[in-house]
Amino acid sequence: MSKNLYIKTFGCQMNERDSEIIEQLLAQEGYIATAEPEGADLILINTCSIREKAEQKVFSLLGSLRPEKQKNPKLLLGVTGCVAQQEGEQIRARMPHVDLIIGTQQIYRLPEMLDRLSQGVTSKEIATDMEASFTIPPFQKLLNIAPSPLPVAASGCKRFVTIMQGCDNFCSYCVVPGTRGRETSRQVADIVEEVEILVSQGVREITLLGQNVNSYGTTNQVADQQINFPKLLRKVAGIKGVQRLRFTTSHPKDLTEELMRCFAEIDNLCPHFHLPVQSGSNAVLRRMNRKYTVETYLAKVDLLRQYRPDIALATDIIVGFPGENIDDFQATMDLLNRVRFHSSFSFKYSDRPHTRSAEFGDKISEEEKNRRLSTFQQQQDLISFERNCEYIGKKVEVMVEAVHMKNLKGRTLGNHIVHCPDSAASLVPGDLVMVRILDAGKHSLKGKIEN
Ligand code: 5AD
Ligand code: SF4
């Protein structure tokens with residue numbers, strides 16, 4: 001008999017991909033994924049602990065599910081992802097109604113755990129067996145679950161493919177090395193096979209995924225030592241059916257000229273690059289343990305733009321890192337004004353458990369962090385708007401992502417969202433159309449199909 005599965009996913013694309021893997025694994029056990037928690041037999045919360053706010057959301061959602069469990073004792077509730085990995089004990093203590101707590105590298109054991117629950121083994125006994133699940137083993141199994149065919153509507157025209165997991169960089173503020181473990185690269189053949197399966201299902205755009213994709217193949221047991229990230233990119237780009245290729249996320253210190261050259265030479269590699277800088281102050285970068293300086297970052301940006309002048313750059317910024325003074329913050333604003341990122345994700349620094357910066361003195365007040373964040377975001381909004389206005393009048397290639405009534409939504413090669421109201425043509429997700437850009441806002445463009 002089929003059962004309903006509801007997964008709520010928080011956080012990054014890595015979590016989104018893990019949720020897909022969980023759906024695939026549990027589909028083999030008769031679970032059908034549903035869009036609503038009502039009527040679910042199993043609810044899984046795939047969690048994020050990157051900032052305190054993300055973690056608070058998880059605890060409040062878990063709390064709000066307590067009455068559901070009381071109403072329907074057969075309902076199973078599980079927690080996966082980074083909060084489960086890092087705060088398993090706390091979840092057990094504060095949320096006794098949770099049946100399963102699964103570390104980031106153990107999701108492949110879910111079917112086995114559900115089986116044991118159904119055989120009457122208690123959550124507590126499973127938890128004791130699972131203690132080992134919170135030590136992160138260096139294994140490949142999880143990464144090598146090839147996607148089973150999914151209906152086109154569910155799979156859509158673009159998909160993520162994990163190429164590596166974990167992080168060895170130990171930025172002083174970051175929980176990821178703790179929650180995802182050491183860098184592990186996946187075998188080339190497995191990546192190629194997964195991409196081939198996806199394109200055969202109609203997927204047109206592939207995003208290669210990892211915490212630090214440009215150190216792919218440098219830190220572990222990929223059998224063919226001749227491989228590195230630029231070579232992998234060329235291999236995947238050459239797979240027939242891959243119309244658009246992207247990747248995320250990159251560490252500036254590992255951005256080589258060989259990778260920059262890919263943007264000039266690989267036709268289907270999209271001119272869009274997420275290159276988190278975090279701060280414009282060398283003093284702050286040093287305390288963050290980022291291992292580059294503002295000068296080397298800027299030199300790389302300049303060279304990258306020589307290889308691909310139309311590249312759309314996005315970044316991540318943390319404001320209010322411990323000890324960040326007004327001059328340091330101004331240096332971040334200067335960097336923003338110098339690079340003029342197309343977009344950015346900016347965050348207030350947040351103390352995280354087991355990170356080095358949590359121990360640093362000279363913390364910045366919440367009020368000041370708010371002020372800096374809104375100063376930064378206002379300026380970024382202005383720059384994004386100005387950058388978007390540069391497209392007005394141009395004809396650009398757009399991949400259709402959704403059509404609702406006659407309103408089309410898609411993305412440019414640079415990953416800008418484009419809306420085309422009143423599109424008469426009958427189009428489906430994955431189609432490529434040429435669009436004349438007529439108007440721009442800070443977050444999106446507006447245009448008219450002009451094939
Ligand atoms: N506080 C605030 N932002 C953080 N990030 C990571 N850790 C923290 C933290 N402790 C941000 C960084 C990273 C992005 C994914 O989240 O900018 O690039
Ligand atoms: Fe975290 Fe730094 Fe690794 Fe990115 S590079 S995941 S910020 S430790």
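Values below: every heavy atom of this structure, side chains too, minus hydrogens, waters and symmetry copies. Remember, it's 1-based here, ligands and their atoms both numbered in the order they're listed.
Counted within 6.0 Å of CD on Gln56, heavy atoms from surrounding residues, nucleotides or ligands total more than 12; the atom is thus considered enclosed.
Under 3.5 Å, the side chains of Asn169 and Gln211 contain no donor-acceptor pair of N or O atoms. No hydrogens or angles considered: nothing links the side chains of Thr179 and Gln85 as a donor-acceptor pair under 3.5 Å. Side-chain polar atoms of Asp316 and His274 form a donor-acceptor pair below 3.5 angstrom. Under the 3.5 Å distance criterion, with hydrogens and angles disregarded, no donor-acceptor pair is assigned to the side chains of Asp302 and Gln306.
Screening Leu100, Val98, Leu44 against Leu77 for a side-chain contact (heavy atoms from CB on, under 4.5 Å) leaves a single residue, Val98.
The 4.0 Å heavy-atom shell around ligand 2 contains residues Cys167, Asn169, Phe170, Cys171, Tyr173, Cys174, Val176, Pro177, Gln211, His251, Arg290, ordered by chain and number. Within 4.0 Å of ligand 1, protein heavy atoms come from Ile50, Arg51, Tyr173, Gln278, Asp316, Ile318, Phe347, Lys348, Tyr349, Ser350, Arg352.
The side-chain heavy atoms of Ile417 and Glu401, taken from C-beta on, include no pair separated by under 4.5 Å.
Residues forming a ring pair (Phe, Tyr, Trp, His ring centres under 6.0 Å) with Tyr173 (at least two apart in sequence, or on another chain): none.
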Residues 369-377 side chain polar contacts: donor-acceptor under 3.5 Å, at least two apart:
unit_1	atom_1	unit_2	atom_2	d
Lys369	NZ	Tyr349	O	2.8
Lys369	NZ	Glu366	OE1	3.4
Asn370	OD1	Lys348	NZ	2.8
Asn370	ND2	Glu366	O	3.3
Arg371	NE	Glu368	OE1	3.3
Arg371	NE	Glu368	OE2	3.3
Arg371	NH2	Glu368	OE2	3.1
Arg372	NE	Glu368	OE2	2.8
Arg372	NH1	Glu324	O	2.7
Arg372	NH1	Glu324	OE1	2.9
Arg372	NH2	Glu368	OE2	3.2
Ser374	OG	Arg371	O	3.4
Thr375	OG1	Arg371	O	2.8
Gln377	NE2	Ser346	OG	2.9

